[in-house]
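Just below is one structure, and these are the notes that go with it.
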Amino acid sequence: MDKFVIRGGKTLSGTVQISGAKNALLALMPATILAPGSYTIHNSPILRDITTMSRLLESMGISTSHKDHAIALNSSKLTSFEAPYEHVKKMRASVYVLGPLVARYGQAHVSLPGGCAWGPRPVNLHIEGLRKLGAEINIDAGYIIAKAKRLKGARIVFDVSSVGATGNVMMAAVLAKGTTVIDNAAMEPEITALGEFLVKMGAKIHGVGTNHLEIEGVDELRPADFTTIPDRIEAGTFLTAAALAGKRGKKVRLEKCNPRHLTAVTTKLEDAGAKLTLGSDFIEIEPPEEIQPVNVTTSIYSGFPTDMQAQWIALMSLASGTSVVTETIYTDRFMHVPELSRLGANINVKENVATIVGVEKLTGAKVMSTDLRASASLILAGLVANGTTEVLRVYHLDRGYEAIEKKLASLGADIKREAGEEF
Ligand code: UD1
């Protein structure tokens with residue numbers, strides 16, 4: 001398994017291009033099940049999770065080819081309605097095939113995702129939503145077995161705002177008979193992108209981008225092309241890297257991003273003392289003279305994203321005081337804390353609250369990636385730690401950051417990918 005070897009202390013400056021959003025693409029690709037034919041999705045990042053989704057769709061008879069950051073898919077002939085455990089265990093977002101399969105083909109056999117590195121991640125809301133639309137769903141031998149003749153519009157109020165459940169139910173409702181109303185729908189930009197894609201395919205959805213969706217089911221949809229939105233979490237990660245490892249007077253410029261999707265993060269970075277310039281599709285950042293302690297509480301969009309919590313803790317580890325980070329989406333999501341502590345961070349976690357006492361310096365060590373965003377926080381810490389940091393098991397990073405080491409190196413970081421030890 002590869003590792004990253006980072007020699008800390010280099011100043012970041014220059015320009016970096018932000019890739020397309022992984023989490024948008026993971027919802028867009030299964031949507032092609034809804035209407036047979038050819039699609040091209042532009043601005044598609046080259047990532048392990050996208051390859052996993054391609055393999056899953058291929059196993060169902062959909063052809064895919066990824067070239068020059070465009071994915072061509074052809075869903076003319078489905079040969080299987082199954083998402084086997086082998087795929088779903090690699091990536092929970094595989095469950096996105098459930099809604100489209102039931103809506104278009106009246107049957108789906110999808111492995112239950114199970115837990116993840118930071119605790120349980122249920123899919124009850126996906127199942128309850130589809131049941132409301134009339135799908136008959138049983139759980140058998142670890143699989144969700146769903147059947148339906150034609151789904152029927154229904155009124156759904158999610159108890160919890162869920163990105164995945166909103167995406168799944170929205171993809172099912174577009175082909176249902178009658179109108180579906182979804183309240184407490186997720187408003188994350190990735191779900192808005194899915195809504196826009198479905199509308200381009202001929203779906204009738206009112207309220208795209210809001211938490212109240214009204215979907216008039218149609219008899220059929222048609223294929224469409226689409227351009228994926230920029231990855232706001234990748235952008236937020238690079239902004240945080242610049243805030244940590246930049247230098248006053250030297251700018252890091254992010255291009256091909258969408259600053260409107262990042263307000264919660266950019267505002268907090270300003271509170272921490274960074275200077276930011278926001279354009280229509282770029283952000284420039286100069287780091288703080290001294291990182292100010294800033295509390296954050298993760299929340300649904302447009303609040304501070306849980307996917308930026310680990311990176312924020314890395315930043316706060318070097319703040320000039322004490323800050324508090326409260327995780328409300330995934331209350332156990334603190335796998336990065338013991339690893340950051342190995343680098344010298346002073347963090348105390350009690351239930352879902354991390355208290356971070358800023359330290360003067362971090363010191364390089366070997367640390368272990370446990371999940372995607374946790375690994376990103378270790379890289380950020382490694383960029384400023386004294387000496388050498390080795391981040392092991394970087395396959396987690398390859399799931400969600402396209403060529404992160406090359407992008408960081410182009411900004412001046414000393415980071416190399418090397419063959420790591422086996423575990
Ligand atoms: C998506 C993102 C993930 C991000 C998360 C929250 C993708 C592929 N992944 O994950 O990176 O961290 O949104 O922004 O887009 N819940 C239930 N029952 C369900 C579904 C969810 O109780 O059936 C709960 C979860 O435990 C969690 C909350 O709802 O507490 C939000 O989860 P959700 O928005 O569904 O996250 P994902 O779609 O899995």
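What's counted below: heavy atoms across the whole structure, side chains too, no hydrogens, waters or symmetry copies. In this chain, residues are counted from 1 in sequence order.
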Which atoms form the tightest heavy-atom contact between [X] and [Y], and what is the distance?
X: Met53; Y: Pro30; value: CE-CG, 3.7 Å
X: Val102; Y: Ala148; value: CG1-CB, 3.7 Å
X: Leu383; Y: Ala241; value: CD1-CB, 4.1 Å
X: Asp2; Y: Ala419; value: OD1-CA, 4.0 Å
X: Ala381; Y: Leu362; value: CB-CD1, 3.9 Å
X: Ala243; Y: Pro288; value: O-CD, 3.6 Å

Distance (rounded to the nearest 0.5 Å) between [X] [atom1] and [Y] [atom2]:
X: His66; Y: Ile41; atom1: NE2; atom2: CD1; value: 9.5 Å
X: Thr389; Y: Leu343; atom1: OG1; atom2: CG; value: 5.0 Å
X: Phe238; Y: Ile285; atom1: CZ; atom2: CD1; value: 12.5 Å
X: Ile229; Y: Glu188; atom1: CD1; atom2: CD; value: 10.5 Å
X: Arg7; Y: Asp414; atom1: CZ; atom2: CG; value: 5.5 Å
X: Leu340; Y: Met316; atom1: CG; atom2: CE; value: 13.0 Å

With a 4.0 Å cut-off on N to O distance, would you call [X] and [Y] a salt bridge?
X: Arg131; Y: Glu128; value: no
X: Asp49; Y: Arg92; value: no
X: Arg155; Y: Asp183; value: yes

Donor-acceptor pair, distance only, cut-off 3.5 Å: does the side chain of [X] make one with the backbone of [Y]?
X: Lys268; Y: Asn295; result: yes
X: Thr267; Y: Ala264; result: no
X: Thr228; Y: Leu25; result: no
X: His212; Y: Val181; result: no

Legend entry - Ile62 vs Thr32, side-chain contact (heavy atoms from CB on, under 4.5 Å): CA-CA, chis, key distance, verdict: CA-CA 9 Å; Ile62 297 177; Thr32 62; 4.2 Å; yes
Legend entry - Pair listing, salt bridge (Lys or Arg N to Asp or Glu O under 4.0 Å) test, anchored in residues 216-239, at least two apart: Arg150-Asp219, Glu190-Arg232, Glu234-Lys407
Does one side chain, of [X] or [Y], offer a donor that lies under 3.5 Å from an acceptor on the other?
X: Thr306; Y: Glu327; value: yes
X: Asn74; Y: Ser38; value: yes
X: His396; Y: Asp371; value: no

Legend entry - Check: His109 ring centre within less than 6.0 Å of Phe81 ring centre: no
Inset, instruction - For a side chain to side chain donor-acceptor pair (under 3.5 Å) with Gln17, tell me which candidate from Glu255, Glu402, Arg253 qualifies. - result: Glu255
Using a 4.5 Å cut-off on heavy atoms from C-beta on, say whether the side chain of [Y] contacts that of [X].
X: Leu198; Y: Met170; value: yes
X: Glu284; Y: Leu278; value: no
X: Ser299; Y: Phe304; value: no
X: Thr298; Y: Pro305; value: no
X: His42; Y: Phe226; value: no
X: Ser19; Y: Leu47; value: no
X: Lys251; Y: Ser13; value: no
X: Tyr143; Y: Val110; value: no

Inset, instruction - Report the C-alpha distance between Leu269 and Trp312 in whole Å, list the side-chain angles of each, state the deciding distance to 0.1 Å, and finish with yes or no for side-chain contact (heavy atoms from CB on, under 4.5 Å). - result: CA-CA 9 Å; Leu269 284 166; Trp312 194 260; 3.7 Å; yes
Legend entry - side-chain contact (heavy atoms from CB on, under 4.5 Å) partner of Arg417, chosen from Ile404, Asp398, Val5: Asp398
Legend entry - Option passing side-chain contact (heavy atoms from CB on, under 4.5 Å) with Arg373 (candidates Gln309, Met308, Gln311, His336): Gln311
With a 6.0 Å cut-off (strictly less than), is the heavy-atom count around [atom1] of [X], excluding the residue itself, greater than 12?
X: Phe282; atom1: CZ; result: yes
X: Lys204; atom1: NZ; result: no
X: Glu418; atom1: CD; result: yes

Inset, instruction - Under the side-chain contact (heavy atoms from CB on, under 4.5 Å) rule, what do Lys89 and Ser111 come out as? Steps first, then yes or no, please. - result: CA-CA 8 Å; Lys89 75 170 185 214; Ser111 171; over 6 Å; no
Legend entry - Worked verdict on Ile379 versus Phe4 for side-chain contact (heavy atoms from CB on, under 4.5 Å): CA-CA 8 Å; Ile379 294 214; Phe4 284 145; 3.3 Å; yes
